[in-house]
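Both ligands and their constituent atoms are indexed starting at 1 by order of listing. The model shown is predicted, which means the values in this text are computed figures rather than measured ones.
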Amino acid sequence: MIFGATGGVGEALARHIHAAGKNLVITGRDEAALTSLANETGARQIAGDVTREDDLQRIVNEASGDDGVAGLAFCVGSIDLKPLRRTKAQDFADAFHLNAVSAALAVQHAAPALKKAKGSVVLFSSIAVEQGFTNHAIVSAAKGAVEGLGRALAADLAPDVRVNIVAPSLMDTKMAAPITQSEAMAQGIAKLHPIPRLGSPVDAASLAAFLLSDQSGWMTGQVLRVDGGRSHLRTKG
Ligand SMILES: NC(=O)c1ccc[n+]([C@@H]2O[C@H](COP(=O)([O-])OP(=O)(O)OC[C@H]3O[C@@H](n4cnc5c(N)ncnc54)[C@H](OP(=O)(O)O)[C@@H]3O)[C@@H](O)[C@H]2O)c1
């Protein structure tokens, strides 16, 4: 079950899961984009807004079959970058709601179905939790909450359900478009990574697919950084 399946990572993950021959449920707000991906992957589509709890409940109810839910990836998120002096309380509240509260409620509603299938959950954080960047106060606060949430959920749901968190650096998706649409800026940021390129959605989706699969069956409560080495290495200066 993929939330945010019409986004860069969600779509790459949907293709990966489809190629592995699994049943797939895809969700997002954009019906046309969902239909296009459903036609390609044979997935079942359920539209809804994750910030509305009635939508979340309906999506989870419709997606949970008799066998439960074997995997849930919450690929929804936001990146609201602005100087600290221009941030408003509402910016923090909106980012917290979309990234952390909606993820928490999605897992809460899906917990019985996840337990039934001994499922696995993947949430998405950001490199901006491990490392501080200018203009990132809103997203860093929200994604820091996601990392804490993921560990707490992993404890709450053990041993039946595993919960892990993927923390990417900048990837070439529509979310990053305001930053990457300048070729000069994209190249400049790419060079800051010890592996000197921007991430692709497949980089994060491959890791998520591994965490959803039985191959990671003894991993839970972990934050895994897929970031070209940027959060932990310095290769220049
Ligand atoms: N891209 C990056 O550089 C980057 C870096 C660090 C972390 N991340 C995190 O990685 C994850 C995947 O990011 P991405 O780059 O694939 O993002 P993306 O391309 O912008 O996709 C985001 C997805 O979330 C969905 N979405 C947004 N708001 C929603 C809402 N209220 N209700 C339902 N669906 C909603 C969007 O669907 P619709 O808008 O079509 O409804 C879309 O499918 C996110 O958690 C993001 O924060 C991304």
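- Atoms of ligand 1 lying under 4.0 Å from any heavy atom of Met175, numbered from 1 in the order shown and given with element: 13 (O), 15 (O), 17 (O), 18 (P), 19 (O), 20 (O), 46 (C), 47 (O), 48 (C).
- Taking every non-hydrogen atom of Ser78 and a distance limit under 4.0 Å, the qualifying atoms of ligand 1 come out as 47 (O).
- With Ile138 as reference, Thr87 is the one residue of Asn99, Leu84, Thr87 to meet the side-chain contact (heavy atoms from CB on, under 4.5 Å) rule.
- Near Asp30, with a cut-off below 4.0 Å to any heavy atom, the atoms of ligand 1 are 40 (O), 41 (O).
- For atom 22 (C) of ligand 1, the closest heavy atom belonging to the protein is Cys75 O, 3.9 Å.
- The single protein non-hydrogen atom nearest to atom 8 (N) of ligand 1 is Ser125 O, 4.0 Å, given as residue, atom name and distance.
- The single protein non-hydrogen atom nearest to atom 34 (N) of ligand 1 is Val76 CG2, 3.9 Å, given as residue, atom name and distance.
- Considering only heavy atoms from C-beta on, Phe74 stays 4.5 Å or farther from Val146 through its side chain.
- Closest to atom 4 (C) of ligand 1 by heavy atom, among Lys143, Lys174, Met171, is Met171.
- For the residue pair Gln45 and Thr35, a side-chain donor N or O sits within less than 3.5 Å of a side-chain acceptor on the partner.
- With no hydrogens or angles considered, a side-chain donor-acceptor pair links Ser125 and Glu147 at under 3.5 Å.
- The nearest protein atom to atom 21 (O) of ligand 1, hydrogens excluded, is given as Gly7 CA, 3.1 Å; this is a heavy-atom distance.
- Atom-to-atom distance recorded for Arg44:CZ and Asn23:CG is 10.0 Å, nearest 0.5 angstrom.
- No hydrogens or angles considered: nothing links the side chains of Ser78 and Asp80 as a donor-acceptor pair under 3.5 Å.
- With Asp94, Val9, Thr6 as candidates, the residue nearest to atom 16 (O) of ligand 1 on a non-hydrogen basis is Val9.
- Against a heavy-atom cut-off of under 4.0 Å, Thr173 is close to the following atoms of ligand 1: 1 (N), 14 (P), 15 (O), 19 (O).
- The Ser169 neighbourhood of ligand 1 comprises atoms 3 (O), 5 (C), with distances under 4.0 Å to a heavy atom of that residue.
- Ranking the protein heavy atoms by distance from atom 32 (N) of ligand 1 puts Val50 N, 2.9 Å first.
- A donor-acceptor pair is defined here as one N or O able to donate and one able to accept, closer than 3.5 Å; such a pair exists between the side chain of Thr220 and the backbone of Val163.
- Taking every non-hydrogen atom of Gly77 and a distance limit under 4.0 Å, the qualifying atoms of ligand 1 come out as 44 (C), 45 (O), 47 (O).
- Residue contacts with ligand 1 include Pro168, since one of its heavy atoms falls under 4.0 Å from the ligand.
- For Gln57 and Glu53, the side-chain atoms include no donor-acceptor pair closer than 3.5 Å.
- Remark: the Arg162 side chain and the Ser216 side chain contain an N/O donor-acceptor pair separated by less than 3.5 Å.
- Here is the list of ligand 1 atoms found below 4.0 Å of a heavy atom in Gly48: 32 (N), 33 (C).
- Under the 4.5 Å side-chain heavy-atom criterion for ILVMFWY residues, no single connected hydrophobic cluster contains both Ile127 and Met175.
- At the top of the distance list for atom 25 (C) of ligand 1, counting protein heavy atoms only, stands Gly4 CA, 3.9 Å.
- Closest to atom 31 (N) of ligand 1 among all protein heavy atoms lies Asp49 OD1, 2.8 Å.
- The pair Arg230-Asp227 does not meet the salt-bridge criterion, since no charged nitrogen lies less than 4.0 angstrom from a carboxylate oxygen.
- At least one donor-acceptor pair closer than 3.5 Å links the side chain of His136 to the backbone N or O of Thr134.
- Among protein heavy atoms, the minimum distance from atom 19 (O) of ligand 1 is reached at Gly8 N, 2.8 Å.
- Contact annotation: for Val166 versus ligand 1, there are no heavy atoms closer than 4.0 Å.
- Close approach to Leu170 involves these atoms of ligand 1, each under 4.0 Å from a residue heavy atom: 3 (O).
- The closest side-chain heavy-atom distance from Ser140 to Phe133 is not below 4.5 Å.
- Selection from Glu31, Arg29, Glu11 by nearest heavy atom to atom 35 (C) of ligand 1 gives Arg29.
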